[in-house]
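The structure appears below as structure tokens.
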Amino acid sequence: MLRSVKGFICRPLKLDHGYALHMAAKDCFSSVVSQDVQTPAEKPRAIFYTNESDPIKTFQEACVMVRKPALELFTYLKNSNFAHPVVRYVIYGERGTGKTMTLCHVVHFCARQGWLVLHIPDAHLWVKNCKELMQSSYNKERLDQPLQASFWLRNFRTTNEHFLKEIKTQQKYVWGKRDSTEQGRPLGEVVEQGLTRVKNASDAVGVVLKEIKQQCCLGSFRVLVAVDGVNALWGRTTLKKEDKSPVSPEELTLVYNLRKMVMNNWSGGAVVTTLSQTGSLFKPSSAHLPHELLGKEGFDALDPFVPILVPNYTEREFESCYHYYLHCRWLQHEKARTEDGKEELRFLSGCNPWQLERLSAPL
Amino acid sequence: MFQFEKQAVAENMMSAEIYYQQVVTSSWGSLNTSDEISGIHTVSTRRRGRMSQLIRSHIPPRTERMAVDQDWSSVYPTAAAFKPASVPLPIRMGYPVKGGVPPPKEGNLELIKIPNFLHLTPPAIKKHCAALRDFCTEWPSALDGDEKCEQHFPVEIETVDYVSAGTSIRNPKARIVTLRVKLSNLNLDDHAKKKLIKLVGKRYCKDTDVLTIITDRCPLRRQNYDYGIHLLTVLYHESWKTEAWESEKTEEDMEEYIWENSSSQKNALDTLLQIKATENVSNVTKEELLASEVVRNYRNSVIALKNEGETESNMSQYKESVKKLLNIQALP
């Protein structure tokens, strides 16, 4: 289990025993489990390149603070009935309160339980700054994004290796004149096909999603669809077609397929999503409520969902974060160790995780 | 001689009076002692000295002689410019100096430029009313409250008369007529009210439920009044009619969110039907589902969310209703 977990999110989550301990404990608020890693909301992009401020490299360990929203989600997931249509959970909150980290925590939890994890680190990347847009061969109206699709396929392969051997395709897929995948071949072949022939990568993604959706209703495995920044699927894009007309999200193959995945017409898993304002297009920075970020279309599509609010740190959480920084010797300033210093940090950051990390970085 | 001059110039915080005084004393003093004085200097100091005798010492402003309980309407009987020496208030106005405060009222052009209402204090207006009372008729004694006025006279007409000192009594602003009426006093059903509000646009205030019509397109006040009444009549009758094209009203045109026939209802029903299908319950009809408690709850929370915007309480209510709808248990 540790091996498959290692590859996911493309950064090795080296788990130490302390972490395994607190996963079992029910009341995890005690400051014993005060390990945490603070990552700002843009961190998923840092996955793709390591920089000096990456705490994983600095601390030589990845720790997640156990907080209430995540625990709430765990109880829901444990008690959910997998014969019923899939339940959608939307994690929302102000900027920098830890929505992405909560999502990562849930992903880790499900991966340890043996679920198939479809993790999209940031859906906003699919609707902006796309260098190559090609017309889809499958459907003339739609546009493909080969780079993003192949990147995601690579990550998917690393995270869910053993599932790829188990799941078999249920129909024949023809990729071109010479390439085709027969019925009954393992899904890994489809992924390979997408990676080798980058032109077909987006269609490969579509096929993978379709197969997983069809087969998980049978109940042999559970699927967790984790999308960060789900409001990108229903917003606007900054992409333009060759005649400079704007592209709407449903014209992108990847977005179209992902929307189908997020619908609740299948069963045997869960869909956990986050709303993210950072990285979203054409939304004011004060917007953080579901209606504001999803828009009418998005809200109606996701309705009914369970909204989960992630607030700023409580007193205890702040204490544990502060002690963790001290323990790792991240806070070097002499005054930071004093009571006054702690109060100053608390006041300046307003108990916001992102602010706290920014403040303690130069200290 | 030169030394004293330089000293005085260097200390430029000193007022002109003191400067002159110093120069005068120093000049008279040095005439006797110094032998560098040229004839020209002697003449200039003497001239400066005479000028200092011509300058009066500053008399204190009128404000210092004002009693606290004075009659203000005699200080400012009519509209007049702001006089800093007559207004006993420590007002500052203008852009503040860097690291400082706005300039004081003495010699402050900003205070003089703006219109002031120092001549219209409540006691002054009381006096005006007392003077005008001779020209007025009695208020009807039966209308002793606002509710009674509104009940008997729901339409309020407002006109302004202008008086000025000049050759002509005409004022073009006098033709403007303002009509105000509360929509609750008009006999409108739901469709008529919505149509009226859409027709009048900005003239309706949602908070106070008041429709305001301001007319000034005719040259005479009576004509404007007739036109205003005509507008009100036309609006009332038109809003009761239903045109053929009104059936094409789409969801974007709706003023408030209606849950019936919305995508939210569809989604909820689909989900519930699927759940029931998996549990192999016998065919539950849509009407039964709609009438059930959980769906009612869900419907109310969605309507609240959409109509009132998103607040903490709304979101938590929605969350509870969704949990009940989808049978999610929180506790293990």
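Here is how names work: the chains are called A, B, and so on, in the same order as the sequence lines, proteins then strands, and each is numbered from 1. Given the structure is predicted, the values throughout are model-derived calculations rather than measurements.
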Non-hydrogen atoms of chain B under 4.5 Å away: do they reach the side chain of A:Tyr92, the backbone, both or neither?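 For A:Tyr92, the contact with chain B is made by the side chain alone.
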Any idea which heavy atoms bring A:Pro304 and B:Tyr318 closest together, and the distance?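 That would be CA-OH, 3.7 Å.
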Taking everything shown except [X] itself, do over 12 heavy atoms lie less than 6.0 Å from its [atom1]?
X        : atom1 : answer
B:Asp146 : CG    : no
A:Arg259 : CZ    : yes
B:Lys198 : NZ    : yes

Between atom CZ of A:Phe305 and atom NZ of B:Lys319, what is the distance when rounded to the nearest 0.5 Å?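 One finds 11.0 Å between CZ of A:Phe305 and NZ of B:Lys319.
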Calculate, to the nearest 0.5 Å, the distance between atoms NZ and CZ belonging to B:Lys306 and A:Phe299 respectively.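 Going from NZ on B:Lys306 over to CZ on A:Phe299, the span is 5.5 Å.
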Given heavy-atom pairs under 4.5 angstrom as the criterion, report whether the side chain, backbone, both or neither of B:Glu312 touches chain A.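 The answer is the side chain of B:Glu312.
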Quiz: residues 95-106 of chain B side-chain donor-acceptor pairs under 3.5 angstrom, not counting sequence neighbours:
residue	atom	partner	partner atom	Å
B:Lys105	NZ	B:Pro84	O	3.2
B:Lys105	NZ	B:Val87	O	2.6
B:Lys105	NZ	B:Leu89	O	3.3

Identify, with sequence neighbours excluded, every residue that meets side chain to side chain donor-acceptor pair (under 3.5 Å) alongside B:Ser301.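 Side chain to side chain donor-acceptor pair (under 3.5 Å) check on B:Ser301 returns B:Ser321.
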